Amino acid sequence: MKKLICMLCALSLCAAMFAACSKDDSSSSSSADTSASTSQSADTSSEETSSSETSSESEAPAAEADTEKLESIVASLEEVNPISNPRAITSDDIEFYMNMTPDNLVDFRGDITNTQSDCGIVFVAQVKDGSMDAVVEELEAFRDSMSSSLYAEFADKVAKAQDARIVSKDNIVVLVVASIDGPDYADIDAAIDSALA
């Protein structure tokens with residue numbers, strides 16, 4: 001009987017010892033999991049922070065529209081080349097009539113004649129950085145389309161459109177088509193030079 005009691009005591013001590021060891025293993029593995037999880041979430045959060053910092057550094061701030069300057073240039077050009085029965089150029093005109101890419105422009109202003117027998121246009125745009133070449137190409141294509149197809153039936157309008165002025169300086173581009181009864185292009189050239197000075 002003594003042997004049986006000693007054996008039961010030894011077994012219970014072993015069982016208690018195994019229970020304590022398994023508890024330590026699970027709590028240490030649980031604390032290891034917790035610290036690994038914490039470390040992983042800290043790494044993820046620092047990666048997110050660094051990637052958001054990188055993306056905000058790579059995205060250049062959008063240029064602000066200089067509406068006052070654009071309107072001033074349009075007004076000075078229309079003093080020399082008045083547009084008969086003017087209609088403001090809209091974003092639809094930019095995209096569908098002039099076949100330009102709106103995303104290349106910060107802002108624009110201008111007028112186009114609403115008179116069938118005339119062809120006068122004054123258009124001024126503030127161009128996004130790096131887009132000037134594309135914008136000038138689109139304006140040249142528009143000028144060519146006016147003289148080859150849009151005004152094909154009207155020789156006087158074709159002549160005015162062929163001589164249309166496209167001038168760029170810094171981030172501003174200007175397109176001027178002289179009105180039928182307007183000045184010759186020498187006066188328009190001087191007005192453009194003065195307006196863009």
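We number each residue from 1, following the sequence as shown. The structure displayed is predicted, hence computed values, not measured ones.
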Checklist entry - By side chain to side chain donor-acceptor pair (under 3.5 Å), which residues pair with Glu138, not counting sequence neighbours? => result Thr101

Item to check | Partner residues of Ser91 under the side chain to side chain donor-acceptor pair (under 3.5 Å) criterion, sequence neighbours left out | outcome: none

Next on the checklist: Evaluate Thr113 against Asn85 for side-chain hydrogen bond (donor to acceptor under 3.5 Å, both in side chains), listing each step before the verdict.
Outcome noted: CA-CA 6 Å; Thr113 184; Asn85 192 16; over 6 Å; no

Next on the checklist: Is the ring pair Tyr97/Phe142 parallel, tilted or perpendicular, if the boundaries are 30 and 60 degrees?
Outcome noted: perpendicular

Checklist entry - Counting only heavy atoms not in Asp184, do more than 12 sit closer than 6.0 Å to its CG atom? => result yes

Next on the checklist: Walk me through whether Lys128 and Asn104 qualify under side chain to side chain contact (heavy atoms under 4.5 Å, CB included).
Outcome noted: CA-CA 6 Å; Lys128 289 182 180 174; Asn104 289 336; 5.7 Å; no

Would you name the heavy atoms of [X] and [Y] that are closest together and state the gap between them?
X	Y	value
Lys157	Ile180	CG-CD1, 3.7 Å
Met146	Ala161	CB-CB, 3.8 Å
Thr115	Ser84	OG1-OG, 3.6 Å

Item to check | Partner residues of Asp66 under the side chain to side chain contact (heavy atoms under 4.5 Å, CB included) criterion, sequence neighbours left out | outcome: Glu68, Lys69, Gln126

Checklist entry - Does the side chain to side chain contact (heavy atoms under 4.5 Å, CB included) test come out yes or no for Ile112 and Ile83, once each step is laid out? => result CA-CA 7 Å; Ile112 187 169; Ile83 306 298; 5.8 Å; no

Tell me, do [X] and [Y] make a side-chain contact under 4.5 Å, heavy atoms counted?
X	Y	answer
Leu175	Val167	no
Val136	Glu140	yes
Phe108	Met100	no

Item to check | Within residues 97-113 or reaching into it, pairs that qualify as salt bridge (Lys or Arg N to Asp or Glu O under 4.0 Å) - sequence neighbours excluded | outcome: Glu71-Arg109, Asp107-Arg109

Checklist entry - Can you list every salt bridge (Lys or Arg N to Asp or Glu O under 4.0 Å) pair that touches residues 79-100, not counting sequence neighbours? => result Arg87-Asp93

Report yes or no: does [X] contribute a side-chain atom to a donor-acceptor pair with the main-chain N or O of [Y] at less than 3.5 Å?
X	Y	answer
Tyr185	Lys160	yes
Ser179	Asn81	no
Lys169	Leu196	yes

Checklist entry - For the hydrophobic clusters of this structure (ILVMFWY residues joined by side-chain heavy atoms under 4.5 Å, transitively), does one cluster hold both Met98 and Val106? => result no

Report, one line per pair, each donor and acceptor closer than 3.5 Å where one atom sits in a side chain of residues 187-195; sequence neighbours left out.
residue : atom : partner : partner atom : Å
Asp189  : OD1  : Arg165  : NE           : 2.7
Asp189  : OD2  : Arg165  : NE           : 3.4
Asp189  : OD2  : Arg165  : NH2          : 3.1

Checklist entry - Are Leu70 and Ile172 close enough, and set up right, to give a side chain to side chain contact (heavy atoms under 4.5 Å, CB included), and what steps lead you there? => result CA-CA 8 Å; Leu70 297 177; Ile172 301 292; 3.8 Å; yes

Checklist entry - Are Ile166 and Val174 close enough, and set up right, to give a side chain to side chain contact (heavy atoms under 4.5 Å, CB included), and what steps lead you there? => result CA-CA 6 Å; Ile166 299 168; Val174 170; over 6 Å; no

